[in-house]
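Presented below is the structure to which this report refers.
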Amino acid sequence: MKVMIVGGGGREHAITWAVAKSPKVDKIYAAPGNAGIAEYAECVDISVMDAEKLLSFAKEKEVDFVIVAPDDPLAAGVADVFLDAGIRTFGPRKNAAIIEASKAFSKDLMKKYNIPSAAYETFDDADAALAYLETAPMPIVLKADGLALGKGVLICNTLEEAKAGVKEIMQDKKFGSAGNRMVVEEFMTGREVSVLCYSDGKTIKPMTSAQDHKRAGDNDTGLNTGGMGTFSPSPFYTDEIADFCMKNIYQPTIDAMKAEGREFKGVLFCGLMLTPNGPKVLEYNARFGDPEAQVVIPRMKNDIIDVMEACVDGTLDQIDLQFEDNAAVCVMLASDGYPVAYEKGFPISGLDSFKDKDGYFAFHSGTKLKDGQVVTNGGRVIGITALGADLLTARANAYAATEWVNFDNKYMRHDIGKAIDEQ
Ligand code: AMP
Ligand code: GLY
């Protein structure tokens, strides 16, 4: 079959690598793809948001199966455009992707269906938010309602910080129209775990757990980023917690979406906090995480196309989802200055070192080919993933492999997986 992948980052590279392994697949297209994805796929320079062009390309090439991976096109209804044209497509429709695209929607859903999460209030009006904050307990969390590249969340320790936060989100519109509404949420404490789940709208199957590192600097300092590294599995996500989450979070969420007439097919990403009062939902995403995909997908035993087809066809109950009994760590190589300002266009060396090495991956996030040479083309450049028998081995392998790759202004965190030492 012919498969088209919409997206062009490290997550899409990991997905493409898995799709390329499927014996069912003869041809892969990627829009827009990147220099790493180009190893397996024919890349076509169409924006992930240009639904019309994507559809006419898919029709022209007689694509059988489409995977829409990033949040923006899912929120904008790009999966709907393919589905309505009769092309089998993995990824939720717009009316279900709202679970990520509006925090107010997801908070209301959790409240209505008793899914554990932080207490909250929603505001459309800055004055009302400011009045509420005067008597609210600190610290408190402010969240822009809409999509903000994972950056629209402010944790405020004092009333002054909270007031400045309201100004940033609702008045100065630092996150654009995402800040027209704002959720004010109770501050929770605990370990964070990401659990990505496949769903066909009725059945939900959790994948192995992972943990992201969102801040730019070592020891969780600096600005929030798209993700500087991940490890999988989380040693803190016990079988008991997994059972609790299945019963109280994953299945109830899928049932709630169905009851609301918003059947969710695709990957439901549950960002959880393991609080002293049990696991609670921090956020939902309507897609694979990036760089969670880079540690979860290489550990999956199943043919990814079998699983994705089952999600589309409503037969996920027949899939025995299995992961290797090993571990993976991904360390993101970024451009110094990310997430604020950074230079691009530097040649990248050392990528050939990964060619013949099992268990090591260089998943391209922001790269492109320039005159036959792979060059940096983004803030996050390459996610170095390594497998290992356990987390300690995987981490040592990943950090060793970060030395193989070089480019000007290379930057990385040196403490990815530090929680492994605290288990
Ligand atoms: P989100 O995009 O909603 O996952 O938020 C980004 C990050 O902010 C999370 O990964 C947490 O580290 C933090 N965060 C979000 N909500 C809360 C909360 N209610 N209490 C404490 N930390 C939070
Ligand atoms: N790594 C977090 C995300 O993909 O949203």
Side-chain angles (χ1 to χ4, degrees), residues 7 9-12 14-15 69-72 74-75 97 99-107 110 116-122 136-157 162 165 169 175 178 182-196 207 209-216 220-232 234 267-277 279-297 330-332 334 339 363 365 379-380 383 385 413 416 419:
R11 160 185 51 210
E12 290 78 15
I15 294 171
D71 48 354
D72 283 331
L74 288 167
I99 200 167
E100 169 170 11
S102 168
K103 294 207 186 271
F105 171 87
S106 70
K107 294 299 294 186
M110 288 186 268
S117 182
Y120 74 104
E121 296 284 337
T122 304
M138 297 292 147
I140 201 146
V141 184
L142 309 185
K143 299 186 173 183
D145 177 49
L147 294 178
L149 295 170
K151 293 164 198 156
V153 174
L154 303 177
I155 300 192
C156 306
N157 289 307
I169 293 176
F175 308 105
M182 190 181 75
V183 171
V184 178
E185 205 177 88
E186 166 203 5
F187 176 75
M188 304 188 291
T189 55
R191 297 253 175 218
E192 287 186 41
V193 184
S194 302
V195 180
L196 286 56
M207 299 180 226
S209 60
Q211 189 184 323
D212 191 9
H213 299 66
K214 290 198 166 107
R215 307 290 283 273
D220 297 325
T221 54
L223 295 173
N224 263 322
T225 70
M228 292 300 294
T230 37
F231 60 87
S232 171
S234 162
V267 170
L268 180 73
F269 169 139
C270 298
L272 307 173
M273 192 170 263
L274 309 180
T275 79
N277 300 320
K280 296 191 179 183
V281 178
L282 279 171
E283 64 161 348
Y284 294 113
N285 293 322
R287 53 173 172 85
F288 277 105
D290 186 340
E292 284 85 350
Q294 290 93 314
V295 286
V296 168
I297 291 176
C330 174
V331 179
M332 191 57 72
F363 290 125
S365 291
R380 295 192 295 174
T385 295
R413 276 182 64 162
I416 300 302

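Order of listing sets the numbers, starting from 1, for every ligand and every atom in it. Residues: numbered from 1 along the sequence shown.
- Every atom of ligand 2 with a heavy atom of Asp212 under 4.0 Å away is listed here by number and element: 1 (N), 2 (C).
- Residue-to-ligand polar distances keep Ala118 apart from ligand 1: every N/O pair is separated by 3.5 Å or more.
- Residue-level proximity to ligand 1 for Glu192 is carried by the side chain, the only part with a heavy atom below 4.0 angstrom.
- Leu154 is not listed as a side-chain neighbour of Val141, based on a closest heavy-atom distance of 4.5 Å or more.
- At a 4.0 Å heavy-atom cut-off, ligand 2 touches Asn285 through the side chain alone.
- Look at Gly289 and you'll find a heavy atom under 4.0 Å from some atom of ligand 2.
- When the heavy atoms of Met273, Met188, Glu185, Arg215 are ranked by distance to atom 20 (N) of ligand 1, first place goes to Met188.
- No part of Asp212 comes within 4.0 Å of ligand 1, judged by heavy-atom distances.
- Not a single heavy atom of Ser194 sits less than 4.0 Å from an atom of ligand 2.
- Considering only heavy atoms from C-beta on, His213 comes within 4.5 Å of Arg413 through its side chain.
- Of the heavy atoms in Val153, only side-chain atoms (C-beta onward) come closer than 4.0 Å to ligand 1.
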*Given Val267 and Phe288, is the side chain to side chain contact (heavy atoms under 4.5 Å, CB included) satisfied, shown in steps?*
CA-CA 6 Å; Val267 170; Phe288 277 105; 3.6 Å; yes
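- Comparing Glu292, Arg287, Glu283 by heavy-atom distance to atom 5 (O) of ligand 2, the nearest is Arg287.
- In this structure, Glu185 does not pair ionically with Lys103, as no charged nitrogen and carboxylate oxygen lie closer than 4.0 Å.
- Of the listed residues (Ile297, Val296, Thr385, Leu196), just one forms a side chain to side chain contact (heavy atoms under 4.5 Å, CB included) with Ser232, and that residue is Val296.
- Counting only N and O atoms by type, the side chains of Ser102 and Asp145 include a donor and acceptor under 3.5 Å apart.
- Heavy-atom proximity to Phe187, at under 4.0 Å, picks out these atoms of ligand 1: 20 (N), 21 (C).
- Here is the list of ligand 1 atoms found below 4.0 Å of a heavy atom in Lys143: 3 (O), 15 (C), 16 (N).
- Under the 4.0 Å criterion applied to side-chain N and carboxylate O atoms, Glu283 and Lys214 are assigned as salt-bridge partners.
- Side-chain atoms of Arg287 and Arg11, non-hydrogen and from C-beta on, do get closer than 4.5 Å to each other.
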